[in-house]
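Notes to accompany the following structure.
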Amino acid sequence: MSILLNGGVVVSANERRQLDVRIDGEKIVEMGTNLTVNDSTVENVSGCFLLPGFIDAHTHLELNNGKGSMGTADNFTTGSKAAVAKGTTTVIDMATPNKGSSLKDCLASWDKLAQGNSSCDYTYHMSIIEWNPEIKAEIKEMIDAGITSFKMYMAYDNLRTKDAEIFEAMEEIRNYQGMLGIHCENGDMVNEMIAKFVSEGKLSPHYHPLTRPDSVEAEAVERYLMIAHLADLPVNIVHLSTKRSLEAVGRARARGQKVYVETCPQYLVLDEHLYDAPNFEGAKYVCSPPLRSLEDQETLWSGVINGAVNTISTDHCSFNFEGQKTIGREDFSKIPNGMPGVETRPELIYTYGVTTGKISLERMVALLSEDIAKQFALYPQKGIVQTGSDADIVIWDPETSGVISAATQLQNVDYTPYDGFETQGSARAVYLRGQKVAEAGHVITEKQGNFVFRKIDPMNEGNQST
Ligand code: URP
Ligand code: ZN
Ligand code: ZN
Ligand code: ZN
């Protein structure tokens with residue numbers, strides 16, 4: 001028994017075509033015009049777009065899990081449900097080890113958190129928070145285990161490594177054509193400025209962005225890209241948020257480097273004035289890098305439009321306002337950093353990108369799915385609606401409208417930074433490997449997610465060296 005999606009318009013990064021799509025088991029088996037019915041269940045999808053399931057390449061669904069009030073409000077169970085309900089069929093979560101533990105142990109603990117709990121497919125970026133011969137030896141083991149991408153930090157005292165260690169990690173990752181992403185902020189400067197404001201009694205959320213100004217990010221981006229130049233490694237910059245950082249990327253590309261840039265919806269539709277919201281509500285927007293100026297926002301949109309920005313993922317890292325964000329009521333530097341967003345990305349980018357005419361729907365498919373799949377060795381299993389690919393399909397209805405609201409969201413957190421935002425277009429149904437898992441924003445069958453084993457194809461676009 002197969003399923004025939006009849007009458008829709010299939011969209012890829014390059015084109016849109018009116019095509020019927022037949023699914024059998026977990027795969028797309030046939031595409032064409034006027035496909036015959038045979039034994040198929042027919043779903044009429046006329047008036048809708050058929051988009052490849054969205055991929056969120058940056059989530060923290062389980063950060064500090066088990067560490068009391070510092071653990072994220074969402075976990076794999078709740079976060080993946082919120083994701084898939086609105087069209088995200090795969091997440092790449094940040095697996096983050098404790099100091100002293102091996103990458104293997106971290107992988108095992110993330111598998112334990114995700115397996116049997118995730119409602120979307122999943123894999124991980126493995127975080128490297130310290131560098132020693134044991135960790136070095138584990139890079140190849142991770143790649144052999146299907147984990148082809150890594151994450152390092154230049155800020156956060158408990159996560160960051162030294163420049164020389166980043167360089168050594170890059171050289172090792174290059175040996176296997178793995179992908180490295182880095183959190184670019186100058187950690188010393190952040191510490192310095194936090195200490196300065198705190199000592200002056202400047203303790204409200206207003207001061208959060210002033211401790212992490214655009215130069216703090218851009219300096220780290222510049223340094224990271226110079227180190228990558230020395231190591232001859234194509235690299236990813238996660239959550240890039242400023243004009244100055246994008247200029248540094250431009251310089252690296254001009255000297256011939258391959259650089260991938262991710263930005264996030266919060267840097268495209270929110271800005272720094274929100275830190276002055278009354279009643280300590282500015283704390284809701286405390287994340288790193290912080291929200292930026294309208295000029296930065298405009299530059300990022302230009303990058304999204306002209307290709308300087310490659311992908312949009314969320315950096316979903318949810319903390320409740322009551323009981324978590326409020327820990328920093330007397331001191332902004334104690335507010336846990338991060339915001340929810342895995343649920344709202346497709347509707348936000350469609351509404352504020354596509355319906356405003358800034359980007360085409362094809363470009364949205366590239367930014368939220370196809371180019372992420374190519375970069376992270378998921379393509380063509382994921383990231384495209386074509387024969388042979390996983391039947392991860394979003395039936396996108398452009399005619400719906402809605403309002404984002406904390407009261408109705410599926411994310412397990414007591415606020416959303418986009419409360420009251422009007423949206424246009426939404427996922428009418430979501431297929432995950434051939435199974436309809438969500439309808440009209442509601443999950444109809446949960447915990448169907450599988451680990452996606454990734455394998456580097458040396459000839460492929462992503463994960464290659466220059
Ligand atoms: O504030 C943020 N973004 N928290 C999550 C960790 C990170 O920096 O990506
Ligand atoms: Zn980060
Ligand atoms: Zn202010
Ligand atoms: Zn992050």
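Ligands are counted one by one from 1 in listed order, and the atoms in each one are counted from 1 as well.
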Next on the checklist: Taking a cutoff of less than 4.0 Å between a non-hydrogen atom of the residue and any ligand atom, is Met339 in contact with ligand 1?
Outcome noted: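 Met339: no contact with ligand 1 (<4.0 Å).
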
Straight-line distance of [X] [atom1] to [Y] [atom2], nearest 0.5 Å:
X: Arg251; Y: His229; atom1: CZ; atom2: NE2; value: 13.5 Å
X: Phe76; Y: Asn65; atom1: CZ; atom2: CG; value: 10.5 Å
X: Cys287; Y: His316; atom1: SG; atom2: NE2; value: 13.0 Å
X: Asp105; Y: Trp110; atom1: CG; atom2: CH2; value: 12.5 Å

List ligand 1 atoms under 4.0 Å from [X], heavy atoms only on the residue side.
X: His60; value: 5 (C), 6 (C), 7 (C), 9 (O)
X: His183; value: 7 (C), 8 (O)
X: Cys287; value: 1 (O)
X: Asn337; value: 1 (O), 2 (C), 4 (N)
X: Tyr156; value: 1 (O), 2 (C), 4 (N), 6 (C), 7 (C), 8 (O)
X: His239; value: 8 (O), 9 (O)

Checklist entry - Any ion pair linking Lys243 and Asp296 (charged N to carboxylate O, less than 4.0 Å)? => result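 Between Lys243 and Asp296 there is no salt bridge, as every charged N stays at least 4.0 Å from the carboxylate O atoms.
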
Next on the checklist: Tell me whether Arg174 is salt-bridged to Asp232, with the criterion being a basic N under 4.0 Å from an acidic carboxylate O.
Outcome noted: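 Salt bridge absent between Arg174 and Asp232.
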
Checklist entry - Regarding Glu217 and Ser241, is there a side-chain donor-to-acceptor distance under 3.5 Å anywhere? => result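 Judged by distance alone, the side chains do pair up.
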
Item to check | Between Ser426 and Glu347, a side-chain donor and acceptor under 3.5 Å | outcome: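 Not at all, the side chains of Ser426 and Glu347 share no donor-acceptor pair under 3.5 Å.
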
Next on the checklist: Rounded to the nearest 10°, what angle sits at the Zn ion (ligand 4) between NE2 of His58 and NE2 of His60?
Outcome noted: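 Taking the Zn ion (ligand 4) as the apex, the two atoms subtend 110°.
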
Checklist entry - Got the closest protein heavy atom to atom 3 (N) of ligand 1, with its distance? => result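 Answer for atom 3 (N) of ligand 1: Asp315 OD2, 2.6 Å.
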
Checklist entry - If you look at Asp315, which of its N/O/S atoms is nearest to the Zn ion (ligand 4)? => result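 Nearest N/O/S atom: OD1.
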
Checklist entry - Quick one: angle His183 ND1 - the Zn ion (ligand 2) - His239 NE2, to the nearest 10°? => result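 Centred on the Zn ion (ligand 2), the ND1/NE2 angle is 90° (to 10°).
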
Checklist entry - Purely on distance, is any nitrogen or oxygen of Tyr153 under 3.5 Å from one on ligand 1? => result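 No - when backbone and side-chain N and O of Tyr153 are compared with those of ligand 1, no distance drops under 3.5 Å.
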
Checklist entry - Only one of Gln266, His58, His183 clears side-chain hydrogen bond (donor to acceptor under 3.5 Å, both in side chains) with Asp315; which? => result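 Only one option passes, and that is His58.
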
Item to check | From the candidates Pro290, Ser288, Ser127, the one that places a heavy atom nearest atom 2 (C) of ligand 1 | outcome: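 Shortest heavy-atom distance from atom 2 (C) of ligand 1: Ser288.
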
